[in-house]
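Note that this is a predicted model, so its numbers are computed, not measured. Chain letters run A, B, ... following the sequence lines, proteins first and then strands; every chain starts at 1.
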Amino acid sequence: MLGFLQRLMPQDGDFFVLFQKQSENIVAGARAFTDLLEHYTAVPEQVQCIKALEHNGDEITHQIFRKLNQTFITPFDREDIHELCGTMDDVIDLIDAAASRFVLYRVARIRPGTIELSKVLAAATVEVNSAIHSMESPDQALQRVIEINRLENESDRICRTLIAQLFDEDTDPVQIIKWKEIFEVMETAVDKCEDVSNVIESVILKNA
Amino acid sequence: MLGFLQRLMPQDGDFFVLFQKQSENIVAGARAFTDLLEHYTAVPEQVQCIKALEHNGDEITHQIFRKLNQTFITPFDREDIHELCGTMDDVIDLIDAAASRFVLYRVARIRPGTIELSKVLAAATVEVNSAIHSMESPDQALQRVIEINRLENESDRICRTLIAQLFDEDTDPVQIIKWKEIFEVMETAVDKCEDVSNVIESVILKNA
Amino acid sequence: MLGFLQRLMPQDGDFFVLFQKQSENIVAGARAFTDLLEHYTAVPEQVQCIKALEHNGDEITHQIFRKLNQTFITPFDREDIHELCGTMDDVIDLIDAAASRFVLYRVARIRPGTIELSKVLAAATVEVNSAIHSMESPDQALQRVIEINRLENESDRICRTLIAQLFDEDTDPVQIIKWKEIFEVMETAVDKCEDVSNVIESVILKNA
């Protein structure tokens with residue numbers, strides 16, 4: 001596996017450059033989302049910034065798909081490139097979906113615990129980014145994969161607790177509908193980080 | 001790419017005939033769904049007709065899968081045939097799921113804006129059908145793909161507006177639960193039209 | 001097709017042993033879930049037992065993925081092994097998700113009809129297990145596939161009826177939110193049994 005990246009043709013390296021752009025974009029999205037929740041002023045403008053990152057993600061995804069369709073020899077399995085690119089795109093889409101709901105649902109104040117969940121999401125994106133950047137060092141990348149799994153379990157636990165609290169504390173069903181969905185979309189974003197890490201693990205093991 | 005279809009064996013042509021049957025079935029489903037909403041009389045009977053189209057779709061899907069499993073040389077990648085067929089089946093399943101909810105939820109009257117959303121869905125199915133029928137003319141097919149992307153953005157915008165209005169105007173949480181789901185199922189049907197168009201684009205680029 | 005399994009290398013047989021462990025684990029999960037509903041005492045403990053089965057399923061899934069990545073010649077298509085393993089894992093995940101909601105949502109009593117739906121789910125898992133155990137006898141396996149399709153239609157019908165009753169009988173929107181989700185998660189578990197059966201059918205037809 002040593003020299004996995006080095007064995008690649010120059011043009012194959014471009015795939016990794018694009019994956020890194022994609023994972024850095026996800027980190028930026030999750031950070032902007034935590035910022036939004038922590039300050040919660042100028043909400044429509046901040047949501048608009050996250051939407052711009054989502055568009056940026058679409059652009060990179062499209063570049064990768066176009067490159068994939070035009071490249072005969074790819075650095076690893078075609079379907080894994082497709083999956084890696086698609087799951088990273090899902091992460092930024094879900095961050096945008098969560099953010100836009102604060103405007104759409106006219107959320108006046110942030111429920112306690114929401115920021116805790118967003119920090120786990122942000123940590124998961126940082127690990128995804130590290131894993132993508134260390135794909136040529138399998139041991140390091142696999143450490144990141146393990147950490148992403150741990151963060152996914154943590155986000156699952158936090159999300160369940162937040163929803164249980166929601167039903168216990170809030171008697172307004174409309175608030176329950178809105179917040180339950182926000183928590184679930186955030187948790188699904190972390191699930192997708194785990195999907196990314198599963199593809200990375202699989203690529204590394206196949207090429208070991 | 002010119003002569004892409006012409007290069008195919010006679011039996012491969014059958015795949016395209018089946019795809020065309022499937023896309024025509026989707027157009028019929030979306031048209032019946034808009035009819036249902038525009039007249040909104042004899043609702044259970046109209047919903048039953050859409051259910052029949054969904055069964056018809058299952059039948060065609062099953063024929064394609066059987067053919068795929070028995071054919072050694074396919075006109076394009078086996079997994080793309082599977083994906084194309086599966087996503088078109090999803091479209092008709094979701095149209096049926098949306099329609100059946102009007103009976104299941106005893107919906108008495110159609111909320112304003114619902115027909116607008118169903119027209120975007122119907123337009124997207126017409127474009128999917130055109131794209132499938134023009135796969136041998138890549139430039140034309142790619143024009144349809146671009147139009148489907150535009151319609152998906154539009155349906156997304158309409159759906160968000162309708163849900164925001166729902167929360168603003170309706171104070172009955174039960175109505176919110178029912179209509180939110182109906183709008184989301186309709187929007188997901190348009191998403192699936194975009195998934196179909198992504199497979200078409202990918203098939204065309206690979207065979208260019 | 002006769003002798004399909006017999007033609008396999010010893011190490012390939014291990015895949016089938018792992019699939020059988022996975023399908024037996026699903027049967028155990030669905031049975032424990034029906035038990036939970038039928039007695040509905042010591043609920044947190046019973047939910048904990050189902051969670052343990054879900055962890056067990058993760059363990060087996062991980063073993064299959066690891067084996068898949070390290071095996072050069074597989075008994076059938078690599079992507080079908082991945083799909084078979086992934087969909088079986090989805091079944092136990094959804095059974096666990098349904099079970100955990102009874103604790104999370106502090107459900108005091110079981111609504112009529114819930115056990116009926118859980119019995120259809122349990123029957124579907126028994127059929128999946130039979131299909132997995134009879135993959136070397138295609139005719140028997142295909143009979144199981146047909147039966148799973150029938151059970152999925154039945155679960156769909158029951159789920160729709162239960163949700164319609166829920167909206168008709170219950171005026172508390174919070175109860176509607178909770179039970180609608182529980183029914184939908186249970187129905188999705190049966191859908192996933194059908195996904196498993198589709199992969200089995202496809203593997204059998206390809207190798208016929």
Side-chain angles (χ1 to χ4, degrees), chain A residues 43-44 47-48 50-52 54-55 57-59 61-74 77-83 85-86 89-90 93-94 96-108 166-167 170-182 184-185 188, chain B residues 1 4 76-84 87 113 138 141-142 145-146 148-150 152-153 155-184 187-188 191 194-195 197-208:
Chain A
V43 177
V47 168
Q48 211 50 45
I50 293 169
K51 165 65 69 193
E54 188 267 327
H55 281 310
D58 282 345
E59 195 56 47
T61 304
H62 202 72
Q63 272 180 271
I64 295 174
F65 282 167
R66 211 164 38 215
K67 191 173 174 56
L68 188 61
N69 284 317
Q70 291 163 353
T71 307
F72 192 68
I73 298 173
T74 51
D77 275 5
R78 210 164 265 282
E79 65 194 33
D80 288 332
I81 292 178
H82 201 278
E83 190 80 2
C85 178
D89 195 45
D90 288 341
D93 282 358
L94 286 160
D96 170 56
S100 71
R101 270 158 181 79
F102 289 91
V103 173
L104 190 68
Y105 294 167
R106 303 186 193 281
V107 174
L166 186 62
F167 278 109
D170 215 316
T171 51
D172 178 1
V174 173
Q175 289 302 314
I176 292 174
I177 295 169
K178 290 176 175 178
W179 278 100
K180 183 168 177 289
E181 184 172 292
I182 288 171
E184 285 170 351
V185 172
T188 308
Chain B
M1 182 74 192
F4 166 47
F76 50 86
D77 274 6
R78 209 165 264 284
E79 66 194 32
D80 288 333
I81 292 177
H82 201 278
E83 189 80 1
L84 191 57
T87 49
L142 291 177
V145 167
I146 292 167
I148 295 164
N149 277 273
R150 195 190 64 76
E152 197 280 322
N153 285 331
S155 83
D156 195 48
R157 190 189 51 74
I158 297 171
C159 182
R160 286 176 182 226
T161 307
L162 288 174
I163 290 176
Q165 282 173 358
L166 186 61
F167 278 108
D168 286 346
E169 296 166 8
D170 215 316
T171 51
D172 178 1
V174 173
Q175 288 302 314
I176 291 176
I177 295 169
K178 290 177 175 177
W179 278 100
K180 184 168 176 291
E181 185 172 292
I182 288 171
F183 293 146
E184 286 171 350
E187 212 276 315
T188 308
D191 281 353
E194 195 182 22
D195 289 350
S197 81
N198 286 337
V199 183
I200 294 173
E201 183 179 17
S202 169
V203 167
I204 288 174
L205 293 179
K206 274 192 219 169
N207 291 280

(request) Answer with side chain, backbone, both or neither: which region of Gln175(A) has an atom nearer than 4.5 Å to a non-hydrogen atom of chain B? (result) neither

(request) Could you look at His82(A) and say if it's the side chain, the backbone, both or neither that has a heavy atom under 4.5 Å from chain B? (result) neither

(request) Using a cut-off of 6.0 Å, state whether more than 12 heavy atoms not belonging to Gln48(A) lie near its atom CD. (result) no

(request) Please look at Asp168(B) and chain A and tell me whether the side chain, the backbone, both or neither of the residue comes under 4.5 angstrom of a heavy atom of that chain. (result) side chain

(request) Determine whether Leu205(B) and Phe65(A) make a side-chain contact, defined as any pair of heavy atoms from C-beta on separated by less than 4.5 Å. (result) no

(request) Output the distance between atom CD (Glu181(A)) and atom CD1 (Ile163(B)), rounded to the nearest 0.5 Å. (result) 7.0 Å

(request) Report the distance from atom CZ of Arg66(A) to atom CD of Glu201(B), rounding to the nearest 0.5 Å. (result) 9.0 Å

(request) Decide side chain to side chain contact (heavy atoms under 4.5 Å, CB included) for Glu79(B) and Arg78(A); before the verdict, give the C-alpha distance in whole Å, the side-chain angles of both, and the deciding distance to 0.1 Å. (result) CA-CA 12 Å; Glu79(B) 66 194 32; Arg78(A) 210 164 265 282; over 6 Å; no

(message) Out of Ile176(A), Leu68(A), Leu104(A), return the one with the most heavy atom pairs under 4.5 angstrom to chain B.
(response) Leu104(A)

(message) Just so I know, are the side chains of Ile177(A) and Lys180(B) near enough to count as touching, which here means a heavy-atom distance under 4.5 Å?
(response) yes

